[in-house]
Structures are given as structure tokens and as C-alpha cells.
2 protein chains.
Amino acid sequence: MSRSNNHVVLTLRQKILSGELAAGTRLAEIPTAENLGVSRTPVRIAFRALEQEGLLTKLPRRGYEVRTVSTSEIEGAVEVRGVLEGLAARQAAERGLTEHQRQMLQSLLDQGDALVLNGTTVTEAALEQYQQINKQFHDIIIEAAQNPAIQAALSRSEHLPFASASALAFDPNNMAHESKRFAFAHQQHHHVFYAIIQGLGTRAEGIMREHANATFGFIHGPRNEHNLTIINGSENP
Amino acid sequence: MSRSNNHVVLTLRQKILSGELAAGTRLAEIPTAENLGVSRTPVRIAFRALEQEGLLTKLPRRGYEVRTVSTSEIEGAVEVRGVLEGLAARQAAERGLTEHQRQMLQSLLDQGDALVLNGTTVTEAALEQYQQINKQFHDIIIEAAQNPAIQAALSRSEHLPFASASALAFDPNNMAHESKRFAFAHQQHHHVFYAIIQGLGTRAEGIMREHANATFGFIHGPRNEHNLTIINGSENP
DNA sequence: ATTCTAATTATTGGATCCATTATGCAGTTT
DNA sequence: AAACTGCATAATGGATCCAATAATTAGAAT
């Protein structure tokens, strides 16, 4: 029931994110329906859902096409993720973590460190693994924030980073190099969030300032030690 | 075409937000379709769209119901709006405003001040007018940010504040009293955002700190003069 | 009287059918 | 030869039809 419910949506989304349906591909109802072996009705519903997710754009009388995401769009989505996850970290700090959540975060940090710091080369498998860890880390923070509006706000653009990943995958060499730097900065970002949640309790204003530093350090350049020092200093006053 | 395209969505959304369809009301496809004089197909599509917007929730085998939004959910949505609009203000500052946008913001600030500062009592008409001004103000900031991801993130919960307004409308006396305080704080909030965009240019970190103050002043309590002083001081260094 | 089972009804999901409309191609005219 | 007009085709949006399924009610049995 719920499997066949959104089966078409899941299939199409997977095809788009995997790159099997390249950006710019035109999609009409009838061929798509025939291709998937279903009728037009679920395809129409799926097209509208994927349009709302930002994965498809509607062409006036010519169906839909797989949306071309520019790098600036991806950067915009990343910044949105940044502030929303910063908010989530603050609210998680205010509301407190369950012991299980705290242990999970700590474990994920360790796993991430092992991946980032150990290998000198970045294998595709390691990247895949890091993506998993990253997603789990942020999911826990967002869950701990207990604010459904954050999840709702992310739902629209949560797939864009993955679309970007498949877009960047065209140049594997550059990818491996960049991703190493990215993964390191990102791991630092994780530590900052964790420090915020663990150390600062409900001191909301201070948290927000650290979050500002953390976010900007992450987005606008590589992390610097200064910010980490501030965070750690606040963590153990 | 595009009018009859999402006609059902528009109608249902309006009925929900106006309170004509109260929270908790169950909606089935067939009665709704008959009620609106259309077939089940557009109703089904509309139900799914409104579910994605967070206005309806799906009941397993019993149709949909108008979502009951708790006050904590509304507060969560307001906080999300807060950080996203803060991000928008920063990006608007970085990218700069067009002259027309700047004039519009200034005009809206003046109009808002006139509404908020003049009357001692808050009439329903004035509130309506203030809502309009408020929406225009934020729309311009978001437009100036030139980041589609912000709009996308807001699209899911942008109607919740209005839902809250109709929810709060049950007690008009309390409403009028509270809304006066709210409108004042909110107008201050506007001034802060405007100061950020006008005065701080691309000094992102400073902006973010002021934004933190602005946001927390707005959300967690009445605005205080101290924050405004900081902002104004930064505006004219 | 209460509980369990069976049947009916209500309700959604998918498929097909019809109408409307825009686009594209071809033919004709200037 | 180029441009305009008309016709045909394709494609979406809406309506109706069919199937699957869960929930509710009624009846029977303990």
C-alpha cells in the first residue's frame, strides 16, 4: 500500500539523483508511464511532487524536465542548510539530548574522524560511508531539536546536495582532492555543533554567536583554530 | 489554464486559512469533489499538495484532516522564518539592493511606523494592513537575497503564521492587546533588518551577530534599546 | 449480554476515456 | 523564396470507471 503508494515518486527520484536521468532531460507523462509500466495518474502525481521538491521544472505545454541546478543554487541550498542546522543545534542544546542521542553523536564523530584523518587518499567507498555518517549526525541533531518546522523547511531542498554530488562526480580527480578538504572542514563543523550542544546549555545568545562563527567558518572558508578555541573554551569554562 | 490549473488548491487553502475549514476537520475526496463541483482527480492532487505544505495530514485509510497546529509548532515555524530571513538579510546586504527595493523598504518602514505608533487601539483593519506591509517587507528582502533555496525552504511553512493568526482570532480582546505589543516588536525587527542591509555591507560576521541579537530580541522577548543602539552604532561608524 | 465473525459499505489508488489546447508541419499565396 | 494560415497531431487536465482494502455494523453464537 504505502510501498506502491509513492512507488513512482521513489523510482523517479532515484533515477534523477543517480544521474540516470540527466539534468535537462524532458519527461512527458505518457512515455514515462509506459516506461515504468503504470498508468498516467501516478506519474502525474509524481511529477507534481518532484516539482515541489525542486527536482523537476514544469514546461508550459511540454511536460517537465529534470532541473538543472547551478552551482550558485547549490551554494544557496548549503547556506540554508547551514542556518537551519545551526538553529537545530541551538534548540537541541536548549531541550537537551537523550543519553542515546549523545552516545550516537559521539560515536559518529569518532567514525568520521577515523575516516577523515586516517587515509591519505579518498576512496569512493569512504566517501559513501562519510555521507552516511554525515546524514546520521545531522538527522540526530534535527531530531533532538524537536522542531518539525526545521524538517519541513529542509524537505524542499534536502536532495539538492546529493544532486550536486552526482553533478560534481564528473571529474573524479578533482572530486577526490576537493572532497578531502571538504570532509575535513565538515568534520570540524560537526565538532563545533557537538560542542555547542554539549557545552553551552541554554545560553542562547552565546550559542548563536558561536553558531555564526561556526557557520561562516564552514561556508565562507576553511575552519580556523580560533573559532574552535572559543567553542572549546566555552565548553569547559 | 494556470488558473484552473491549481484552482482547487487555491480554494481549499483559502478555506483552511480563513478558518472556514476548522482544524481537525476531516476531508474525504468524494464529498470535497462534489462540494467544489469538480471530479476526484484534481482534489486528490490538491490534497497531496496541501499535505506537502503542512496544511493537511493524511489519515491511513480515512482521507485527510485539516492539521491542528500547536502553539509550539507555530513558535517553531516562527523561529525557522527568523533564521531564514536573517540569512536573507545578510545575503541581501552582500548582493546589494536596487534603488527601487531600497525605496520600497523605506516606504514600508514609514507606513508601518505610522500604523504602529499612531493609534492607541488596534483595529482589525489596521492589523490587516500591517500584515500586508509585513509581507511586502519580507518579500523584498528575500527577493534581494537572490537565493531561491530560501524561498523553497519557506514554502512549506509560510502559511503557518497565518493559520496561527486565525487560530488566535478566537479571543479578539486578547488579540488586540497582544498584537499591539507584537506589532511594535515586529516593527523594531524591521528596522533592525533594514539597518543590517543598509549599513553593514558585506561584513558578514558582524551582521550575523547583530542578526542573532535581532532574532533573539524578537523571539525571546521584547526588543530592548541596547540592541538597537549597537545596530545604529554600526550603521554610522 | 458480550464477543467474534462475516458481510457490506465507504474510501482510496490506479487505469482509461474525453475534451481542450498548443505546437508543428505543410501547403498555398504573395 | 518566404511568410502566413490552417489542419493535424500530441500532450495535458479533468472525469469516470474498476479494483483492492479497511472499517464499521449487524447478526449469531457462546
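All chains are named by letter (A, B, ...) in the order of the sequence lines, taking the proteins before the strands, and each is independently numbered beginning at 1.
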* To do: Calculate the interatomic distance between H7(A) atom NE2 and dG14(C) atom P; express it in whole Å.
  => 11 Å
Please write out the pairs of protein N or O atoms and N or O atoms of nucleotides 19-21 of chain D separated by less than 3.5 Å, giving the distance to one decimal.
from, atom 1, to, atom 2, distance (Å)
dA20(D), N3, R61(B), NH2, 3.4
dT21(D), O2, R61(B), NH2, 3.4

* To do: Write out all pairs satisfying ring-ring contact (aromatic ring centres under 6.0 Å, His included) with one or both partners inside residues 77-107 of chain A, taking only residues at least two apart or from two chains.
  => none
* Specify the separation, in whole Å, of atom CG of L59(B) and atom P of dT11(C). => 12 Å
* Which ring-ring contact (aromatic ring centres under 6.0 Å, His included) pairs, counting each pair once, include a residue from residues 20-40 of chain B, with sequence neighbours left out? -> none
Below 3.5 Å between N/O atoms, which protein atoms pair up with nucleotides 15-18 of chain C? Just atom names and distances, please.
from, atom 1, to, atom 2, distance (Å)
dA15(C), OP2, S39(A), N, 2.5
dA15(C), OP2, S39(A), OG, 2.8
dA15(C), N7, T41(A), OG1, 2.8

* Asked: Looking at residues at least two apart in the chain, or sitting in another chain, which of them share a salt bridge (Lys or Arg N to Asp or Glu O under 4.0 Å) with E29(A)?
  -> R40(A), R44(A)
* Below 4.0 angstrom, N of the basic side chain to O of the carboxylate: do R67(B) and E51(B) qualify? -> no
* To do: Applying side-chain contact (heavy atoms from CB on, under 4.5 Å), name anything that partners S107(B), two or more places apart in sequence or on another chain.
  => Q111(B)
* Residues that E65(B) engages under side-chain contact (heavy atoms from CB on, under 4.5 Å), provided they are two or more places apart -> R26(B), T57(B), L59(B)
* To do: Keeping to residues at least two apart or across chains, list the ring-ring contact (aromatic ring centres under 6.0 Å, His included) pairs with something in residues 8-62 of chain A.
  => F47(A)-Y64(A)
* Structure fact -> Hits for side chain to side chain donor-acceptor pair (under 3.5 Å) against N35(B), two or more places apart or cross-chain, chain-then-number order -> none
* Pairs touching residues 77-96 of chain B that satisfy ring-ring contact (aromatic ring centres under 6.0 Å, His included), sequence neighbours left out -> none
* By a strict heavy-atom criterion of less than 4.0 Å, which residues belonging to residues 24-36 of chain A are in contact with DNA chain D? -> A28(A), E29(A), I30(A)
* Asked: Going by atom types only, do Q91(A) and Q146(A) share a side-chain donor-acceptor pair under 3.5 Å?
  -> no
* Structure fact -> Rounded to whole Å, CZ of R48(B) lies from C1' of dT11(C) at a distance of 12 Å
* Structure fact -> Whole-Å distance, E65(B) CD to dT12(C) P, equals 13 Å
* Asked: Is any side-chain nitrogen or oxygen of K58(A) closer than 4.0 Å to OP1 or OP2 of dG13(D)?
  -> yes
* In whole angstrom, what separates R62(A)'s CZ from dA22(C)'s C1'? -> 10 Å
* **Contacts of type side-chain contact (heavy atoms from CB on, under 4.5 Å), residue E20(B), not counting sequence neighbours** => K15(B), S18(B)
